[in-house]
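For reference, the structure discussed in these notes is given below.
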Number of protein chains: 2
Amino acid sequence: MSLTGLEPAKTSKGEQTRAVILETALELFRERGYEETTMRAIAERAEVSLGNAYYYFKSKEHLIQAFYSRLQDAHHAASVGILESERDLKPRLLGVMRAMIVTTEPYHRFAGVLFRTAADPESPLNPFSPESEPARRQSIELFTRVVEGSKARVPSDLKQELPYLLWLYHMGVTLFWIHDSSPGTRRTYRLIDRTVDIVVKLISLASNPLMRPLRKAALALVVELRESDS
Amino acid sequence: MSLTGLEPAKTSKGEQTRAVILETALELFRERGYEETTMRAIAERAEVSLGNAYYYFKSKEHLIQAFYSRLQDAHHAASVGILESERDLKPRLLGVMRAMIVTTEPYHRFAGVLFRTAADPESPLNPFSPESEPARRQSIELFTRVVEGSKARVPSDLKQELPYLLWLYHMGVTLFWIHDSSPGTRRTYRLIDRTVDIVVKLISLASNPLMRPLRKAALALVVELRESDS
DNA sequence: GTCTATAACCGGATAGAC
DNA sequence: GTCTATCCGGTTATAGAC
């Protein structure tokens, strides 16, 4: 519960007020962007006092957190279709990556802020922070399904770390997308098409017995990196 | 000029005031961290008025920018030793990477903010932004020297992009370092030791004629990515 | 044109009454 | 749970001295 930033809202009254504030905030973020939206403006349009808005969301950043967890659910929902109908690794990955862009598209403009706060090691929004562990786990879990549900044959040591590696890959694509100002973020779609192809080729290359030593070295490293998150 | 954030300060008097403000700011940042240091506190200790501080630095962020460009010079200076004495690619890269951590160490605490602002697509500090093109070029240039000065044999298509790729690699290491709270950032040093090894192995793997198609595909992609920065 | 200072504005955040 | 009043700090406007 506390994990999704949905702390209060015990009574239905509170739940409702909380929802109104969040909805209004997202609306304003979409309209004018994050920096340009003041807490006062949110409170005003939501018809609550400023103090009340802060009662439900400890800070402006906490509104982002709530938004982020919602986004993730949407991405999940948008991905199930392909995951249920497709067995090949490549189209599975492709589908999930495209679904991500499609669901986040309306918020492209204010995604920059999301990423900025996420990059702060101190921020609870940081994808490597303990606070966001559940969100991270959920996201990685999606990539576990991408791999597990496919008929691709992958050595077990790699298979174990692959979801995490794909999650990292998806973070990189997200970073690119945030900076992508091409119409309809075409460039991001092209990036996905190209990189998914390369990723799949790399997986099959890494699965080659000749690659075993290098693969082992690289995977040992990945495992060690992962220790830092928890 | 405007690029390093060193705009005003034509006269020696102004230059001096400017330097005092920057020095004081960095001192306070080290003492209490970034958020906890107010512009008013900086102005007070530097014995100038608040308005005056803003005359020299358009915003608090611009202080970071000045700091960043200074860091980069220090890294450069700390790297020349190895680059002049060593011909093997691996120790060259290792030396440059270690030099980076050594020079930035004293600012580890407030590096998080640096990175946070750098992650904002709108920020001039963003390493992919046009404003930081000179800084980026300078940094990539360092890796060009790492490659060019070595006796490693690398196919020319890869050799061309390698400095950029190594620069990306160094950004990744930096990201890790920022989150590294182990004593003396030991984990980062270990990461460097391990990844440099892997990177060098990957370069030699990618240089294999059998890898040509995959290498070509990957490099074409890298080139395309680079178009977005300028 | 270079520099310095004072006063105010604006918005995120908090305290405390109801 | 909700409000009003207030604080605090980044930033700006402005006026004037050298």
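A, B, ... follow the sequence lines: proteins, then strands. Residue 1 opens every chain. Nothing here was measured: the structure is a model prediction, and the numbers come from that model. Note: hydrogens, waters and symmetry copies are ignored here, and every other heavy atom, side chains too, is used.
Between the CZ atom in A/Phe110 and the OG1 atom in A/Thr37 there is a gap of 9.0 Å [rounded to 0.5 Å]. Taken from NE2 in A/His75 to NE2 in A/His170, the straight-line distance is 6.5 Å, to the nearest 0.5 Å. Atom-to-atom distance recorded for A/Arg136:CZ and A/Met171:CE is 9.0 Å, nearest 0.5 angstrom.
At D/dT2, one or more side-chain N or O atoms of A/Tyr56 fall inside 4.0 Å of OP1 or OP2 (strictly under the cut-off). Between B/Asn52 and C/dA5 there is a side-chain N or O to OP1 or OP2 distance below 4.0 Å.
Using a 4.5 Å cut-off on side-chain heavy atoms (C-beta onward), B/Leu168 and B/Val222 make no contact.
The cationic atom of A/Arg226 (NZ for Lys, CZ for Arg) lies less than 6.0 Å from the six-membered ring centre of A/Tyr164 and within 45° of the ring axis. Relative to the ring axis of A/Tyr34, A/Lys60 places its NZ or CZ within 45° and under 6.0 Å from the centre.
When the P atom of D/dA13 is taken as reference, atom OH of B/Tyr55 falls 16 Å away, rounded to whole Å. Atom CD of B/Gln16 and atom C1' of C/dT2 are 15 Å apart (whole Å). Nucleotide D/dG9 holds its P atom 11 Å from the CD atom of B/Glu36, rounded to whole Å. Computed from coordinates, the B/Arg18 CZ to C/dT4 P distance equals 13 Å when rounded to whole Å. For the pair B/Glu44 CD and D/dC8 P, the computed distance is 15 Å after rounding to whole Å.
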ask   = With the sugar-phosphate defined as primed atoms, P, OP1 and OP2, and the base as all remaining atoms, what B/S/- string results for nucleotides 7-18 of chain C, 5' to 3', for protein heavy atoms under 4.0 Å?
value = -B--BBBB----
